[in-house]
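Let me begin by presenting the structure, written as structure tokens, before commenting on it.
The first residue of the sequence shown is numbered 1, and numbering continues consecutively from there.
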Amino acid sequence: MAVCILLGLLVEAWPRESTRLQRQSDASPYDKANLLSRLTISYVQPLVSLAVQRTITPDDILNQMPSWMRDRTGWERFESEWDKNVAACSSPSLVRTVFWVQAGRIAPMYFLRVLASCLMFTIPMLLSRLLESLQEAHAHGQTRRNLAYGLVLAGAMFAAAFAVTILKAVIRQTLLLLSLQTKVALTGMIYKKALKLSPGARSKSTTGEIVNHMSVDADVWQDGFYDMSSWVSLPVEIGAAMWLLYGLLGWSSFASIAALLLVTPLQVWRARVYNGMLKDKLTVMDERVRLTTEILAAIKVVKLYGWESAFKQRIMEVRGRELAALKRLGVIFAIMSIVFTSATLIMSLLTLSVYAAWGGEGFSRGQLTPQTVFVSMTLFSMLRTPIGELSETVTHTINVIVGTNRIKRFLLLEEILESSVSRDPEVPMDPTLPLITIENASFSWTKRPTAIPTLRHIQLSVTRGSIMSVVGRVGQGKSSLLSAILGEMYTLQGHVSIRGRVAYVPQHAWILNASVKDNILFGQPYDESRYLQILYSAGLEPDLAILPAGDMTEIGERGINLSGGQKQRVSLARAAYADADIYLLDDPLSAVDAHVDRHLWKRLLGPEGMLKDKTRILVTHGIHHLKEVDQIVLVKDGKVAERGTYDELMALRSVFHQLIKEYSISHRKADAQEDTGSTTGATLTDSVGIDSVDSRSDGSSLAATIELPEVIALPSNDNKKIASDGKLVEAEKIKEGTVDFTISLAYVRAATYKLAGLVVLFHVNSHGCLVATNLWLKYWIQNDAGKGDNGDDRSPNSHLTGGEGFSLKLFIGVFTALTAVYVLSCIITIYVGFAIARIRASYTLHRDLISKIFRLPCAFFDTTPLGRIINRISSDLQGIDDKLPWAIDEVIYWGVRLTASVIIISVSTPTFLVALPVFIVAVAVIQKYYLASSRAVKRIFHVSKSPVFQNFNETLGGVTTIRAMSLQERFKAGNVGLLLTHVNAHVAYSYCIRWVDVRLQSLSAVVILVVAVGFVVSAGKDMDPTTAGLALSFTLSITQEINYLVRNYCETQNLLVSVERMCEYTDMETEAPETLPLDPRVEAAAAWPPKHGAIEFANYSTRYREGLDLVLRNVSFKVGAGEKVGIVGRTGAGKSSLTLALFRMIEAANGSWIHSSSSREGYEVTEEDVGKIMIDGIDISTLGLTDLRRALAIIPQDPILFAGTIRDNLDPFQEHSDADLWEALDRSHLKAYIQTLPDGLSSKVISNGENFSVGQRSLICLGRALLRKTKILVLDEATSAVDVETDELIQKTIRVEFKDRTLLTIAHRIKTVMDSDKILVLEQGRVVEFESPKVLLARKHGSLFYRLAEQSGEV
């Protein structure tokens, strides 16, 4: 049997990758490793060695996870067990579910941890025997037997230390892998739940909160199982230590138990208080991440309004509350340092004092020997770990419970009721059966019994192949009707049934950060002929022709590099490619120009379009296609007010008839204005944006034009600066090499040098007391032993009298004083470090980061996914708040302690100095390998987390589309893929940690062997056993000290990567200053803000960022004070770019603020050809950005609202009275609706304003503009999302309220600018016409404006 076992071990130990087949296997390094390699973590050696040769890349750490971690069934077990738990009891426990799922793998590891704890305490037992042998040699001389016995004991101590090292490494690594598997499972469950939330649940869980569940709450499990295993090992370790102390000191050891019991109430109090404080902190953190995410997602609007300071102040106020909670936790840690730092010294003081005074027979004075004192001190030192861990275990357990309960509450939120809509993916064989049926149904966005239903008594049916149009005023329930059909609302009564597959086009196009092609295919197989047909029908061919990489061009996050019309057409193309049976279209034509509208209707959506055989429901604010639809539904006050064909509704002569008669475009050339040109091959005519060459009346030609992206400039053929692969968002850069020392200084500076110096000083002071205590004990032993040898009186009371010789009172007094100073130093260290320095550093770094992010130019946000920024303000900042201060504190603590130990050992054992250089070199080599590998992998770990954040944010923004198209499984699979990439980096990082653990602790075991053998060999009458005891006691502590010092130093370096990543942003170049003094040459009468509103563009050119071509080229025109100017042009002509230039969102290419501010002291800029924009004679490049933007007003194309109240959204600076706000709402035609809300101006606005329709959001934005008493107002496609009736009301309001202001209007509907004083026509970034509408229309076909008006039916 023994031979078989030995043979089996030899076979198992045979190197795995010795054959070609094994080397070519795609199994992970762990799966390939043999038993010996797994025990010593040698399978990671190739990676560690590679890190020294060159920087590790993500490709180098692929496939690190064991096969069982990648097994999908492992994750699915969590979900199935949780579902069983939820079904079985009213109060399910997610923590219990997690442990139940992993019980089979956890139990053996917990047993091994108990075994390791027992084995660890054999070392002080062996030390006791060794000191006993040394005392005997000191008393009677060294003998061969003593020498052999001593060498055996030294070898046994080494073997025990090495065995504990291996066991702990295996246990920790296995439990970590199980924890990471749990983290993946929980994150997947959070993601899946986010796809199933009901309307009420979505209003309770913001994007920031859900992201925090993933990034913070699930993260508590990454060390969860190991932390929880302490509850198994701690009783064993404390019990073993107490038992050994009792064997040494007898009943006196009960004093240590009493001391432990005395601090127990502190632990109970801490657990209770810490739990509440942690919940408060996490709640505030949720709020901060949610608020920051929401603001950064709308940073363009924030900058346009000049609201940076208001929103930064709001974020910093929330951050202040978060840091206040963190400071309270720091105070708790300071108080609790009595337990986890000072408890063992207090216990040793009480125990040894009691033993010295009454530990002998008959309560006489106890005999102190090196064996008694230093073995007990070793035990007390070893007790420091479990007692300290007890506090940490309580903390970690509370973290796990609180975090998991937060996830549990989220998982228990109400889900969307799929049964509310009867879905059948198959189209019925009977063509007469309707595909959509709504039977007397009422719907609401809330389940409150008192809430008025949003939609009431809806009765509809839509037949196969028909097109139904839904019309009505803003806020009447048109979009809600589509949501009800999709099951996105609560069905209060009635029933909805859908037969066939659904495609959904939301009012605000949802675009992924992927290529154009990927956005259209949306995971479907590629069908070239169908794909090309859809590109043509959606009018995308001209756009693809000018994009750097065609359809492989990357679209930025939220479609940042596309115009509104282009985003909507990509969204339409995606829906068309899905080849669904039912198409729900939420006003997709509102975002496109009139000629594009006509092309989409004719080629895609209308009766002759590509989708002519599909069932379509079109919500629209336009009325020009209503004659061609099969059925019209007019929604008013949440009810179907009228329903029928166009002729039927007109014959009723009711609401619809009035709408058409009063607001239709009477002079539309109806059918006569079909596409005037022909469309052949891949070329679109005027309807989409490529005009045939058209002769002007003067004989000149109007060049063919192409529909341009609003943010991607038209590249010339020789433009080599735009990447040919079409990449907009570059891969996040991973820095190489060591973390620069300036990063460490940046953190210390943030905490202040003074506070950092105080922390170091008190650490040195506390360890000085600790060393002095041990030296004092040595002196006591020597003095006490000398008195005993001289026959001093040892009566019960003589030692308390303070007579001749050594006074016990003096000893205890000094011992007590040193302990008191140590305890006080520890409390001060923790308080200064964690309640003051940490808070100041965290506040400063976050403030600098947020301040800089708000000041970064728009180009940064165009090319940087929001997930990268959120990663920094959540995960990285949490590491700086919670982990980095502890790591730095541990480095100082263990550094000072190790220095003291080395000094003590070197003084006590001079032979150790011989081995010290070798030891230092060995540690340095191990550290070099570890730091090189762990730092690189940690950077990859950080970078790999950003896509997870980005994917979460993108998914949460398109949940309705995903659900409508039944793509949940595909997105869940994508999320798991990103998670596994991230966790794979974490696994590689953990391998590096285990690698250094085994090697450093093995090296420490060698040190123990060397020192022990040294004392054994030199034992005799000349060797003081007291000195040996002191040295060996410190040697045993070196095992922990070396490992913890190197580990924490490297961990500090790795955590400083978070600071490095924040500094990466804070070191970026910002926009122009927020405020600047006015040019002294400007006359006082023309002081800012402008009093007239005259605008002049002089030879102005601009581009969106370096490396791109110009989007505006030598633009020159003048707008008089109070003039109304309409800005028109095809999509991408530069209309929105012009407004961005006015607000200096983009700077002049030939006259940036750098030119105008480079010599600001003397204002010496004299270039005549510098392009500029003048407002009332002031060059805006000489103004601060906030000064400029606060003096202008804009109603942007995308109506953005922020979570808060209506009052906050109208007036974030609280500058106006409620009466002013109500007046603004009245003039923006929203007062009546707001008055119906229970809280009026204080009514809640949820994230992104999703509890208001898009039209209502536009009206609130109009209210903002009305409140800003500025002389210049810009309307950027402001009324594209409202119905024609509301549009007419808004236009009247604008004409009346802004009659004395300069007005620049960009509009898709030419009608809205027909009454302007002048029309500015842009084409390819150039001004081609600037005259009154009357003059331009008189030019007929010689005018581009005339032709645009003709295409839209205005002439």
| task | Quick one: do Leu119 and Leu115 satisfy side-chain contact (heavy atoms from CB on, under 4.5 Å)? Show the steps, please. | result | CA-CA 6 Å; Leu119 192 59; Leu115 180 62; 5.6 Å; no
With a 3.5 Å distance limit and no angle check, can you tell me whether [X] reaches the backbone of [Y] through a side-chain donor-acceptor pair?
X       : Y       : value
Arg897  : Leu1045 : no
His763  : Val759  : no
Tyr226  : Ile171  : no
Asn1048 : Tyr1044 : yes
Ser128  : Pro124  : no

| Checking side-chain contact (heavy atoms from CB on, under 4.5 Å) for the pair Met109/Phe225: CA distance, chi angles, key distance, verdict? | CA-CA 10 Å; Met109 293 300 106; Phe225 287 127; over 6 Å; no
[atom1]-[atom2] distance between [X] and [Y], expressed to the nearest 0.5 angstrom:
X      : Y      : atom1 : atom2 : result
Leu818 : Leu770 : CG    : CG    : 10.0 Å
Leu329 : Ile839 : CG    : CD1   : 8.5 Å
Arg328 : Lys281 : CZ    : NZ    : 11.5 Å
Met242 : Thr351 : CE    : OG1   : 7.5 Å
Leu153 : Met125 : CG    : CE    : 11.5 Å
Leu134 : Leu127 : CG    : CG    : 9.0 Å

Does [X] reach the side chain of [Y], with side-chain heavy atoms less than 4.5 Å apart?
X       : Y      : answer
Ser179  : Asp223 : no
Leu1009 : Met157 : no
Tyr110  : Leu175 : yes
Val394  : Ile398 : yes
Val232  : Phe111 : no
Thr165  : Asp997 : no
Met120  : Lys168 : yes
Asp227  : Thr393 : no

Nearest heavy atoms of [X] and [Y], plus distance in Å:
X      : Y      : result
Tyr246 : Trp251 : CE1-N, 3.9 Å
Pro386 : Glu237 : CB-OE1, 3.4 Å
Val164 : Ala116 : CG2-O, 3.9 Å
Val400 : Gly224 : CG2-CA, 4.3 Å
Ile401 : Val95  : CA-CG2, 4.5 Å
Ala900 : Val771 : CB-CG2, 3.4 Å

Would you be so kind as to tabulate the donor-acceptor pairs closer than 3.5 Å made by side chains of residues 820-835, with sequence neighbours excluded?
| residue | atom | partner | partner atom | Å |
| --- | --- | --- | --- | --- |
| Ser825 | OG | Asn765 | ND2 | 2.5 |
| Ser825 | OG | Val821 | O | 2.8 |
| Thr829 | OG1 | Ser825 | O | 2.6 |

| side-chain contact (heavy atoms from CB on, under 4.5 Å) with Arg838: which of Asp882, Asp881, Leu884? | Asp882
| task | Show your working on side-chain contact (heavy atoms from CB on, under 4.5 Å) between Val1016 and Leu147 and close with a plain yes or no. | result | CA-CA 6 Å; Val1016 169; Leu147 178 63; 3.6 Å; yes
| message | Is it the case that atom CH2 in Trp243 sees more than 12 heavy atoms from other parts of the structure closer than 6.0 Å? | response | no
| Around atom OH of Tyr1049, are there more than 12 heavy atoms of other residues, nucleotides or ligands at under 6.0 Å? | no
| task | Carefully, step by step, assess Ile332 and Val273 under the rule side-chain contact (heavy atoms from CB on, under 4.5 Å). | result | CA-CA 8 Å; Ile332 297 297; Val273 173; 3.9 Å; yes
| Cationic tip of Arg129 above Tyr149 ring, under 6.0 Å, 45° of axis | no
| query | According to the interplanar angle, ranging from 0 to 90°, do the rings of Phe162 and Phe158 count as parallel (below 30°), tilted (30 to 60°) or perpendicular (above 60°)? | reply | parallel
